[in-house]
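Here is the naming used below: chain letters follow the sequence lines, and residue numbers restart at 1 for every chain.
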Protein chains: 2
Amino acid sequence: MNIGEVSERAGLPAKTIRYYEDIGMITPARGENGYRRFSEQDLHKLVFLGRARLLGFSIERCRNLLALYEDQGRASADVKRIAQQNLSEIDAKIAGLQAMRDTLADLVQSCAGDNRPDCPILKDLGAAPNR
Amino acid sequence: MNIGEVSERAGLPAKTIRYYEDIGMITPARGENGYRRFSEQDLHKLVFLGRARLLGFSIERCRNLLALYEDQGRASADVKRIAQQNLSEIDAKIAGLQAMRDTLADLVQSCAGDNRPDCPILKDLGAAPNR
DNA sequence: GATAAGGCTTCCAGTTAGTGGAAGGTCAAG
DNA sequence: CTTGACCTTCCACTAACTGGAAGCCTTATC
């Protein structure tokens with residue numbers, strides 16, 4: 001099938017699919033006219049990629065996962081390790097954002113939000129460096 | 001002061017400070033030798049920038065904030081609006097990550113993580129497209 | 001005065017994971 | 001035969017820096 005169909009079926013923009021070929025994640029065949037010809041297996045890999053990316057796996061992480069996916073003899077422990085690593089990273093990101101959120105929410109709370117120019121948010125941002 | 005000192009006092013890498021000049025966030029003076037000469041006010045703006053970036057404000061958002069910061073007549077409501085916008089974006093990011101995290105945690109949980117090749121994580125990633 | 005270390009300068013390239021657009025070839029319908 | 005949709009490559013751009021090379025400037029030491 002052509003890139004348009006595979007794009008729709010995998011739920012990925014054609015541009016992204018071409019990019020994935022560029023970086024060697026997939027290697028679709030080519031027709032006589034130069035068009036990419038995708039097999040069902042190519043589609044499958046793209047779906048896999050799309051879902052893994054949605055789950056926050058980096059491209060390089062996905063490369064590992066795809067390799068494991070295609071290796072019949074791999075242990076599930078290998079996959080679990082990668083997934084857990086990812087989970088920790090997501091947790092760290094959430095914690096970081098949460099801390100930001102709390103500070104920011106405090107600042108927003110303490111700001112009158114009226115016509116007066118006095119604003120605790122700017123005051124805090126401009127505070128002397130304390131690190 | 002030179003870039004080294006301002007870098008240390010603002011807690012930002014020199015590279016970053018040069019970058020901030022490049023994109024017009026600051027405009028330090030120049031000495032006869034071509035070195036940047038930073039005023040206390042420059043330092044203050046850099047500290048402001050650093051803290052705002054830590055709180056997740058984008059560079060463009062910071063540009064607005066800096067303008068407001070330097071405008072004596074602005075209303076605190078303007079600042080509050082920008083901060084709130086930022087807060088919503090952070091909340092959305094957290095929610096997205098949380099959803100990812102939950103799915104991924106489920107998958108990790110359900111994987112035996114042993115020597116057998118059977119792995120629910122890969123099975124799920126490779127599932128037929130359902131969107 | 002020579003020299004070495006460290007700080008400063010600019011510029012180029014690379015990072016992540018794509019996205020936008022231009023110029024042009026191909027295919028199917030009317 | 002032409003129109004429009006689809007495909008191709010290539011180049012540039014995104015955000016917010018970071019790394020490195022090549023080359024001045026300053027300061028200290030011998």
Side-chain angles (χ1 to χ4, degrees), chain A residues 1-38 42-43 45-66 85-86 89-90 92-93 96-97 100, chain B residues 1-38 42-43 45-46 48-66 85-86 89-90 93 96-97 100:
Chain A
M1 78 202 96
N2 282 348
I3 201 169
E5 187 182 344
V6 88
S7 160
E8 182 158 353
R9 287 179 61 187
L12 293 172
K15 279 268 186 191
T16 301
I17 296 171
R18 292 196 194 98
Y19 171 69
Y20 285 163
E21 184 187 7
D22 264 13
I23 62 175
M25 305 293 284
I26 50 166
T27 41
R30 293 292 178 136
E32 299 215 335
N33 52 11
Y35 286 20
R36 289 171 184 80
R37 269 192 351 224
F38 295 85
D42 289 327
L43 171 60
K45 278 167 90 169
L46 286 171
V47 169
F48 183 104
L49 263 174
R51 289 179 57 76
R53 295 282 304 121
L54 264 187
L55 286 178
F57 289 91
S58 75
I59 288 283
E60 286 317 305
R61 212 54 72 76
C62 286
R63 213 187 283 276
N64 294 344
L65 283 173
L66 260 185
Q85 214 171 324
N86 227 55
E89 279 166 28
I90 293 176
K93 268 188 214 167
L97 281 174
M100 256 187 232
Chain B
M1 73 202 99
N2 282 348
I3 201 168
E5 186 181 346
V6 88
S7 160
E8 181 157 352
R9 286 179 61 186
L12 293 172
K15 278 269 185 191
T16 301
I17 295 172
R18 291 195 195 99
Y19 170 71
Y20 285 163
E21 184 187 7
D22 265 12
I23 62 175
M25 305 293 284
I26 50 166
T27 40
R30 292 291 178 136
E32 297 216 335
N33 52 11
Y35 285 19
R36 289 170 184 81
R37 268 191 351 224
F38 295 84
D42 289 327
L43 171 61
K45 279 167 88 170
L46 286 171
F48 183 104
L49 264 175
R51 289 179 58 75
R53 295 284 302 122
L54 264 187
L55 286 179
F57 289 91
S58 75
I59 288 283
E60 286 317 305
R61 210 56 71 76
C62 287
R63 215 188 282 276
N64 294 344
L65 283 173
L66 260 184
Q85 215 171 322
N86 228 54
E89 279 167 29
I90 292 176
K93 268 188 213 167
L97 281 174
M100 257 187 233

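Nearest nucleotide to the side chain of Arg36(B), out of dT9(C), dT8(D), dA16(D): dT9(C). Checking dA16(D), dT19(C), dT9(C) against every side-chain atom of Pro13(A), the shortest atom distance belongs to dT19(C). For Thr16(A), the listed nucleotide lying nearest its side chain is dG18(C); candidates were dT18(D), dT8(D), dG18(C).
As rounded to whole Å, 14 Å separates atom P of dC8(C) from atom CZ of Arg37(B). Summarising the geometry, the separation between CD on Glu21(B) and C1' on dC8(C) is reported as 13 Å, rounded to the nearest angstrom. Distance Glu32(A) CD to dC7(D) C1': 16 Å, rounded to the nearest Å. Rounded to whole Å, the distance from CD1 on Ile3(B) to P on dT18(D) is 13 Å. The OH-C1' distance, from Tyr19(A) to dC13(D), rounds to 14 Å in whole Å. Rounded to whole Å, the distance from CG on Leu49(B) to C1' on dC17(D) is 13 Å. In this structure, Glu60(A) places its CD atom 8 Å from P of dA17(C), rounding to the nearest Å. Atom-to-atom, CE of Met25(B) to C1' of dA16(D) comes out at 11 Å; the value is rounded to the nearest Å.
One distance of note links CD of Glu89(A) with CZ of Phe57(A); it measures 10.0 Å at 0.5 Å rounding. Between the CG atom in Asn2(B) and the CD atom in Glu8(B) there is a gap of 13.0 Å [rounded to 0.5 Å].
Mapping Asn2(B) and Arg53(A) onto DNA chain C by nearest heavy atom places Asn2(B) closer to the 5' end of the strand. Nucleotides of DNA chain D nearest to Ser58(B) and Lys15(B) differ in position, and the one nearer the 5' end is that of Ser58(B).
For dC17(D), the OP1/OP2 oxygens have a side-chain nitrogen or oxygen of Tyr20(B) closer than 4.0 Å. Within the structure, a side-chain polar atom (N or O) of Asn33(B) is placed less than 4.0 Å from OP1 or OP2 of dT26(D).
Residue-level contact check: Arg30(A) touches the backbone only, with heavy atoms under 4.0 Å from sugar-phosphate atoms and none from bases. Residue-level contact check: Arg18(B) touches the bases, meaning some heavy atom is under 4.0 Å from a base atom.
Considering Ile59(A), Ile17(A), Leu46(A) as possible partners of Met25(A), the one that fulfils the side chain to side chain contact (heavy atoms under 4.5 Å, CB included) test is Ile59(A).
Under the 3.5 Å distance criterion, with hydrogens and angles disregarded, a donor-acceptor pair is assigned to the side chains of Arg61(B) and Asn86(B).
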Are Met1(A) and Arg37(A) close enough, and set up right, to give a side chain to side chain contact (heavy atoms under 4.5 Å, CB included), and what steps lead you there? CA-CA 5 Å; Met1(A) 78 202 96; Arg37(A) 269 192 351 224; over 6 Å; no

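You'll find a donor-acceptor pair under 3.5 Å spanning the side chain of Tyr35(A) and the base of dG25(C), going by distance alone.
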